[in-house]
Amino acid sequence: MPDESFTPQLLYDDGAVVVCVKPVGFLSESGSGRNLPDALSSYYAQARQPSYIGTVHRLDRIVGGVMLLSRKRELTGKLIAAVAERQVEKEYFAVLRGRPELPAAVVSDLLFRDAAHNKTYVVNRMRKGVREAKLAYRLLATAQDGGQTLSLVRVRLLTGRTHQIRAQFSARQLPLLGDVRYGSKDSRCQTALWSCRLALRHPATGLPLDIFCPPPRVFPWNCFDSSLYAPSPAVLP
């Protein structure tokens with residue numbers, strides 16, 4: 001539903017595509033509840049600008065950060081296709097409970113999506129409903145918090161599966177801090193996952209877009225030095 005008090009944090013807007021920060025707690029698709037497309041549409045309508053907004057990819061409600069949307073109907077399909085064909089690079093920061101064995105790696109799993117329970121599981125064989133998932137991560141730093149080790153990692157998705165990052169790390173006994181659904185309750189935060197970077201070719205001009213935004217300086221992101229959140233070279237090991 002539209003939120004008339006909403007002021008978007010715009011990172012890029014040329015009237016054709018918009019890249020902005022999705023707040024934690026907002027849905028990615030238009031419809032019921034607080035959602036980014038309707039909030040953006042209302043914002044542009046109040047500014048007497050064309051108010052069409054098309055969703056081309058998704059972030060979980062509990063995840064904030066960089067999100068790409070279409071401002072022209074004729075470009076929405078092109079952007080959706082670019083995402084599906086892995087022509088859009090997506091990177092995230094995550095805080096894990098525990099420390100990975102390797103400082104950097106590419107990890108692959110078979111994931112089964114249980115839509116009825118809104119949860120994704122790592123499984124050991126291919127069957128109906130199972131899809132391959134792959135991501136790359138790099139360990140940036142660790143910190144101690146009340147006797148437990150927290151690890152800040154930067155992740156690049158090499159496939160785009162629902163709850164992929166959350167499920168793959170949880171299966172390695174490294175759940176994202178605060179991710180109740182995948183085994184890491186923490187009253188101080190929700191799931192510690194932040195969409196930090198999107199890179200793609202503009203669907204109309206063909207020019208490269210590379211947009212970055214660090215997470216806010218709140219727990220648990222403030223457990224680590226702010227210099228770690230600067231734009232950096234590719235995360236692939």
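Numbering starts at 1 and runs along the sequence shown.
Leu59 and Ser28 get closest at one heavy-atom pair: O-OG, 2.6 Å. Here the closest non-hydrogen pair linking Ser70 and Thr76 is OG-OG1, 3.0 Å. Between Ser184 and Leu177, the closest heavy-atom pair is OG-CA, 3.5 Å. What you find for Val83 and Lys90 is that their closest heavy atoms are CG1-NZ, 3.8 Å. Contact detail for Pro37 and Ser30: the closest heavy-atom pair is CG-N, 3.7 Å.
Within the model, atoms OG1 of Thr120 and CZ of Arg113 stand 4.5 Å from one another, a figure rounded to the nearest 0.5 Å. Note that the CD atom of Glu91 and the CZ atom of Arg154 stand 4.5 Å from one another [nearest 0.5 Å]. Atom CZ in Arg131 sits 9.5 Å away from atom CG in Leu111 (nearest 0.5 Å). Atom-to-atom distance recorded for Tyr229:OH and Cys213:SG is 12.5 Å, nearest 0.5 angstrom. Separation of atoms CZ (Arg201) and CG (Asp210) is listed at 11.0 Å; rounding is to 0.5 Å. Atoms OH and CZ, on Tyr182 and Arg97 in that order, are 15.5 Å from each other to the nearest 0.5 Å.
One finds a salt bridge joining Asp13 and Arg71 here, because a Lys/Arg side-chain nitrogen approaches an Asp/Glu carboxylate oxygen to under 4.0 Å. The pair Arg166-Asp60 meets the salt-bridge criterion, with a side-chain N (NZ, NE, NH1 or NH2) lying under 4.0 Å from an Asp/Glu carboxylate O. With salt bridges taken as basic N to acidic carboxylate O contacts below 4.0 Å, one links Arg188 and Asp145.
Side-chain contact, Gln164 with Thr159: a donor N or O sits under 3.5 Å from an acceptor N or O.
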- Please walk me through it: do Leu36 and Cys20 pass side chain to side chain contact (heavy atoms under 4.5 Å, CB included)? CA-CA 9 Å; Leu36 185 58; Cys20 68; 3.8 Å; yes
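Under a hydrophobic-cluster definition in which Ile, Leu, Val, Met, Phe, Trp and Tyr are linked whenever side-chain heavy atoms come within less than 4.5 Å, directly or via other members, Leu68 and Leu27 are assigned to different clusters. By the criterion of side-chain heavy atoms lying less than 4.5 angstrom apart, applied directly or through intervening Ile, Leu, Val, Met, Phe, Trp or Tyr residues, Leu96 is not grouped with Phe93; the two fall into different hydrophobic clusters. Val63 is connected to Leu135 through a chain of hydrophobic side-chain contacts under 4.5 Å among Ile, Leu, Val, Met, Phe, Trp and Tyr, so both are in one cluster. Placement of Phe6 and Tyr52 in two distinct hydrophobic clusters is found when ILVMFWY residues are connected by side-chain heavy-atom separations under 4.5 Å, directly or transitively. The hydrophobic cluster containing Leu150 does not contain Phe169, counting ILVMFWY residues as joined when their side-chain heavy atoms lie under 4.5 angstrom apart, directly or transitively.
Heavy-atom neighbours of Arg172 CZ from other residues, nucleotides or ligands within 6.0 Å: above the threshold of 12. In the displayed structure, Gln144 atom CD is contacted under 6.0 Å by more than 12 heavy atoms of other residues, nucleotides or ligands. Under a cut-off of 6.0 angstrom, the local environment of NZ in Lys78 is sparse, with at most 12 non-hydrogen atoms contributed by other residues, nucleotides or ligands. Counting non-hydrogen atoms of neighbouring residues, nucleotides and ligands closer than 6.0 angstrom, the CZ atom of Arg48 reaches no more than 12 such neighbours. Annotation for Arg161: atom CZ counts as buried by contact number, over 12 foreign heavy atoms lying within 6.0 Å.
No side-chain heavy atom of Lys134 sits less than 4.5 Å from a side-chain heavy atom of Gln168.
Paired with Arg181 under the rule side chain to side chain contact (heavy atoms under 4.5 Å, CB included), one option of Ile62, Leu176, Asn118 passes, and it is Asn118.
Side-chain atoms of Ser195 come within 3.5 Å of backbone atoms of Val66 as a donor-acceptor pair (strictly under, hydrogens ignored). A donor-acceptor contact shorter than 3.5 Å links the side chain of Ser41 to the backbone of Ser51.
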